[in-house]
2 protein chains.
Amino acid sequence: MGTASRAMNEAPGVMEQTREAVQRAARELGYQPNAAARALRSRSSRLIGCLFSDLENPLYTRLFNSLQDRLADEGFVTLITASAGKLDREKQAISIFAERGMDAIVIAPGHQQDPEIVQLLEKFPAPIFVLDRDIPIQADRLVFDHFAAMDLAVGHLAKLGHRSILPVFSHQNTRPGLMRHAAFDAAMRGAGLTPGARVEPETPNTPVFREVQAALSCDDRPTAMIVQGTHVLPSTLNALANLRLRVPEDISLIAVGDSALAEEHVPPITALRLDRSALVEEITARVLARIRGQATEVSEKVLGYQLMERASCRRSIA
Amino acid sequence: MGTASRAMNEAPGVMEQTREAVQRAARELGYQPNAAARALRSRSSRLIGCLFSDLENPLYTRLFNSLQDRLADEGFVTLITASAGKLDREKQAISIFAERGMDAIVIAPGHQQDPEIVQLLEKFPAPIFVLDRDIPIQADRLVFDHFAAMDLAVGHLAKLGHRSILPVFSHQNTRPGLMRHAAFDAAMRGAGLTPGARVEPETPNTPVFREVQAALSCDDRPTAMIVQGTHVLPSTLNALANLRLRVPEDISLIAVGDSALAEEHVPPITALRLDRSALVEEITARVLARIRGQATEVSEKVLGYQLMERASCRRSIA
DNA sequence: TTGAAAGCGCTAACAA
DNA sequence: TTGTTAGCGCTTTCAA
């Protein structure tokens, strides 16, 4: 009956008294609405798909947790796929999202220019939200300000007197990887410093023990490092421990991307952090507006990093 | 039309020629089946829910990845929720799984005896697969052999001459936490050794820097450690580095649960590993059998750990 | 404000 | 082997 449906969905045009009666009856009978029937009739699955390149990246793990919570409040179920950067898994995930009738998707794939991915996204039947990727499609987008972030980190170290800073970021073929090296170089020049050696792991999960050890074993080794906050960070700490280099006495350290590891390390590690709740709110607001047809123009926002100053940096002794 | 449906679903009773014609036409028209309609009519969502206590645990991250892949091959979409051990999130997740008509769920919640959880599971409308939890319900189950695992680890260290071994496991209120301490004690006695000090973090993600440092700062410190392979492991490595204790020269180390960190650490860390593909196959086989109504009795299996001997253990000097 | 009726897009049962 | 028909459980539309 129509009234029952309206009562259960808090729709207008039902007498308060009727609504309560319906809801009480539903409770007593243990009524469970059938999601498939609702989706079929209303043409809305109330499902939102997420495609992240890497679930081991603390940013994505934390983000997914918050986003799932937030969207659950709005009655949506969040579905996640981690592609481990594999192209075919990303294509498969997008296809599945299309088949299963996601109401929207949030994506940060490992391949941002692949023509097949782009084509799948172009004809994707629901709104798309892109997270810090330069994918050539019309879609709502939130990008991170990697240039400002590097200014913050390099500036902080320069102010402490560091002149030789070792960056350790992967050169993955997506926006963050592509921008960070350029941003680092620009920030160094901006601080009147000259970029020197660098370590560039293939992926954010590639071990960097050897490379970091090599870079720090020369005569005038860098006095500070800026290190990606993924697997690269434990791997770097491993190398520092083996070299008997203490943080911050012997070398200063900044992590790009905050994590439990950085926060709880002894000493705590200074980190570039994204405001996760702002991130989640922006995604949620945009996605819901799109789903409800309230959004008009494509939205492009930039989110800055904050520098969480902790105990891993100190004045350079050099 | 029935024939079209049968052709698309590879159902029997369709002429090969017809099937091909239908499939070609579907391809040319870009036909996308409607998942909601299919779910409504066939009473099967082809959705499988997973509830894990902690997505930051490398076991669950890796397991979810493999399981998602494997179930995708069978045409199922896997939905994951990480509760961070929070009771209300676990209850909410189970309710959502019920509302959304999961065809089955795979669970390893952080609360295994909570009456509300048990009640929700008792009246859950689909098959349940329980992973290493002692939940008092009738359900297919796979548990890990924590006693054999500790025998392996303690035995290995005892054979190397270690007599004082420091265990670092959380005493979380679920099966693994509950069993590991008892298993460790039993293994020690079995090896003719006496259990001594131990570190018991609240959760697998609680930092243990202070506690480990304290335990290793006494006069005759343990010569070996067995450490949970979650956040406890980086936290322990942090403490060892600060104490200038080298692995394995000064102290031997075994991780309970394998991870990228253990494998890629220098030196690589000996670890108790679960055979993940066996794990995934057991879950997949059981869950599919249940969904297809082929399973009869409740299945209970035990999965052993293997000791991956790497470079982090050596003969005790004491 | 409520009830009645139609129909979302499939698949299962049945008839041809 | 194929076509026809009914109906899954909701929401939406329309009429009362």
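Values below: every heavy atom of this structure, side chains too, minus hydrogens, waters and symmetry copies. Below, chain A is the first sequence line, B the second, and so on; all start at residue 1.
In this structure, B:Glu16 atom CD and D:dT2 atom C1' are separated by 16 Å, rounded to whole Å. Going from atom CZ of A:Arg43 over to atom P of C:dC8 covers 7 Å, rounded to whole Å. Here the P atom of nucleotide D:dG3 and the CE atom of B:Met15 are 11 Å apart, to the nearest Å. The CG atom of B:Leu40 sits 13 Å away from the P atom of C:dC8 (whole-angstrom rounding). Atoms CG (A:Asn9) and C1' (D:dC10) sit 9 Å apart, rounded to a whole Å. Across the protein-nucleic acid pair, A:Tyr31 atom OH and D:dG9 atom P stand 10 Å apart, rounded to whole Å. For A:Arg19 and C:dT2, the CZ to C1' distance is 13 Å, given to the nearest whole Å. Summarising the geometry, the separation between CZ on B:Arg46 and P on C:dG9 is reported as 21 Å, rounded to the nearest angstrom.
Looking at which nucleotide of DNA chain D each of B:Gly13 and B:Ser42 is closest to, the 5′-most match is held by B:Gly13. Comparing B:Val14 and A:Ala37 by the nucleotide of DNA chain D that holds the closest heavy atom to each, the one mapping nearer the 5' end is B:Val14.
Within 4.0 Å (heavy atoms only), A:Gln32 reaches sugar-phosphate atoms of the nucleic acid but no base atom.
Side-chain contact, B:Thr230 with B:Asn57: no donor N or O sits under 3.5 Å from an acceptor N or O.
Contact annotation: A:Thr3 side-chain N/O to C:dG3 OP1/OP2 distance is under 4.0 Å. At D:dT11, one or more side-chain N or O atoms of A:Arg38 fall inside 4.0 Å of OP1 or OP2 (strictly under the cut-off). For D:dT2, the OP1/OP2 oxygens have a side-chain nitrogen or oxygen of B:Thr18 closer than 4.0 Å. Using a 4.0 Å cut-off, no side-chain N or O of B:Asn34 falls inside it from OP1 or OP2 of C:dC8.
Interatomic distance, A:Leu279 CG to A:Glu281 CD, rounded to the nearest 0.5 Å: 10.0 Å. Rounding to the nearest 0.5 Å places CD of A:Glu28 at 12.5 Å from CD of A:Gln23.
By the 30° and 60° cut-offs, the orientation of the rings of A:His146 relative to A:Tyr305 is tilted.
Of the candidates D:dG9, C:dA13, D:dA6, the closest approach to any side-chain atom of B:Arg41 belongs to D:dA6.
Residue pairs meeting the side chain to side chain donor-acceptor pair (under 3.5 Å) criterion with at least one partner in residues 117-131 of chain B, sequence neighbours excluded, do not occur; the list is empty.
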